[in-house]
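Note that the coordinates shown come from a computational prediction; the quantities given were computed from them, not determined experimentally.
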Protein chains: 2
Amino acid sequence: MRLQKRERQEKLAALLEGNPLMTDGDLAEHFSVSVQTVRLDRMELGIPELRERLKDMASRSLDDVKALPIDEVIGDILDIELDKRAVSVFDVTEDHVFQRNGIARGHHLFAQANSLAVAVIDDELALTAKSELEFRKPVHAGDRVVAKAEVLPAGGKPHRSIVRVVSTVGEEPVFTGIFEMYRTHERGKEGQQ
Amino acid sequence: MRLQKRERQEKLAALLEGNPLMTDGDLAEHFSVSVQTVRLDRMELGIPELRERLKDMASRSLDDVKALPIDEVIGDILDIELDKRAVSVFDVTEDHVFQRNGIARGHHLFAQANSLAVAVIDDELALTAKSELEFRKPVHAGDRVVAKAEVLPAGGKPHRSIVRVVSTVGEEPVFTGIFEMYRTHERGKEGQQ
DNA sequence: ACCGGATTAGCACTTGGTACTAACATCAGT
DNA sequence: ACTGATGTTAGTACCAAGTGCTAATCCGGT
């Protein structure tokens, strides 16, 4: 019954992949097989015991807490010239769309554009003060959204800059936003690097 | 030496908060105290044993994988009356702020408000078409943001609704947004419940 | 009928605990 | 100085979920 063994081991590995919190006893019951057989299977598959699996997950999830906040910018910045212009790209996945209709939730498009607007400002503190948005076309999972930002003359207001962002999928504009940004330092201090 | 005990227990709790992977033995060594004392301390503090802590972390990190994409709505909706008004609350954590200055990134405030605007519309398909935002005050980690949405007369435009959202921390308004929403069905079909 | 891989059983041992009991230690109050 | 409360340590029995090892048994193919 060579096939049975192989099949069982494959299913066992898959099972533990999805739900690592099962004891050998649980697994034995699930496959109607003895605990020892489950142990042998784990040996052969190189799967560690429950406690080791838990420890792994726990320490990995500790790292995750530190790893998560590295989304300072939503989307990958491809090109940037401070206080002038910037380009970023953002790939829309299933995670970003309404399950209802498959259309990307607005806040993701906003997040990409807003992040870019913040990034393009050459100042250690840049905050969004106001903005006007237009969602022109629905965006779907699989779409690659390219956002282009350009910094416009602030119109004389101190500590302010205007950033205009246009996001496109292919050639089609899907989103536009005007961001009025607050900054601590006046524009033009190129000496800061 | 009542103080010593209290102090030790505080440090012990803090220690496990930061690094839950320590055995009673590790802790005993760290505090130069017997294992039994550590156990008593854990009892008094209601801290479960190592394995339970690992199991908790592991299952939590499993949930996280499933829980993250289920952010159909950012923030918890406290109250909602379709096509009229809705309230949601969103707790800002370290994960939502710029590490630079501790100020919440704009897209989180937008996401809460926009989610609420979508939720309050009584239609199977509601999309944001345009919006105007104002970020009035910086929001910090630990702040609890309460967003209130009200649906305004659409001004005669077909398939449109206007939603006004005001977000506050305490009594202070921190964010306001006007959302022009697109909907498939005209307003007024109350029969749907 | 016999061989070999697969399976099962049994036992001793390990970790990191719980639950409980008992012995000290230390200090305060009278 | 004696008593009591509080805190600390020690020791025992027990548990879950394993490892590691040996031995027995099953079952199919030739």
*asked:* Tell me if the CD atom of A:Glu44 is crowded by more than 12 foreign heavy atoms within 6.0 Å.
replied: yes
*Is the number of heavy atoms from other residues, nucleotides or ligands under 6.0 Å of B:Glu29 CD greater than 12?*
no
In whole Å, what is the span from the [atom1] atom of [X] to the [atom2] atom of [N]?
{"X": "B:Leu40", "N": "D:dG11", "atom1": "CG", "atom2": "C1'", "result": "14 Å"}
{"X": "A:Leu54", "N": "C:dG16", "atom1": "CG", "atom2": "C1'", "result": "13 Å"}
{"X": "A:Arg42", "N": "D:dT19", "atom1": "CZ", "atom2": "C1'", "result": "9 Å"}
{"X": "B:Lys55", "N": "D:dG18", "atom1": "NZ", "atom2": "P", "result": "11 Å"}
{"X": "B:Leu21", "N": "C:dT15", "atom1": "CG", "atom2": "P", "result": "18 Å"}
{"X": "B:Gln36", "N": "C:dG17", "atom1": "CD", "atom2": "C1'", "result": "12 Å"}
{"X": "A:Glu44", "N": "C:dA6", "atom1": "CD", "atom2": "C1'", "result": "9 Å"}
{"X": "B:Gln9", "N": "D:dT6", "atom1": "CD", "atom2": "P", "result": "15 Å"}

*Just wondering, do B:Phe110 and A:Leu133 contact through their side chains at under 4.5 Å, heavy atoms?*
yes
_Within residues 22-35 of chain B, which residues have any heavy atom lying less than 4.0 Å from an atom of DNA chain C?_
B:Thr23, B:Asp24
*Choose from D:dA17, C:dG16, C:dT7 the nucleotide whose nearest atom is closest to any side-chain atom of B:Leu50.*
C:dG16
*asked:* Counting only side-chain heavy atoms from C-beta out, which of D:dG11, C:dT8, D:dT19 sits nearest to A:Met43?
replied: D:dT19
*Is it the case that one hydrophobic cluster holds both A:Val174 and A:Val166, taking links as side-chain heavy atoms less than 4.5 Å apart, direct or via other members?*
no
*Under a 4.0 Å N-O cut-off, is there an ion pair linking A:Arg85 with A:Asp79?*
yes
*Between A:Lys137 and A:Asp143, does at least one N-O distance fall below 4.0 Å, as a salt bridge requires?*
no
*asked:* Over 60° means perpendicular and under 30° means parallel, so tell me whether B:His96 and B:His108 are parallel, tilted or perpendicular.
replied: perpendicular
*Quick one: label A:Glu49 by what it contacts on the DNA or RNA (base, sugar-phosphate, nothing), any heavy atom closer than 4.0 Å.*
sugar-phosphate
*asked:* Does B:Arg53 reach a base, just sugar-phosphate, or nothing at all? Heavy atoms under 4.0 Å.
replied: nothing
_Distance below 4.0 Å between B:Arg39 side-chain N/O and C:dG16 OP1 or OP2_ = no
_Between B:Arg8 and D:dT8, is there a contact of a side-chain N or O with OP1 or OP2 at under 4.0 Å?_
yes
_Would the base of D:dA16 count as contacting A:Arg51 through its side chain, where contact means a donor and an acceptor less than 3.5 Å apart?_
yes
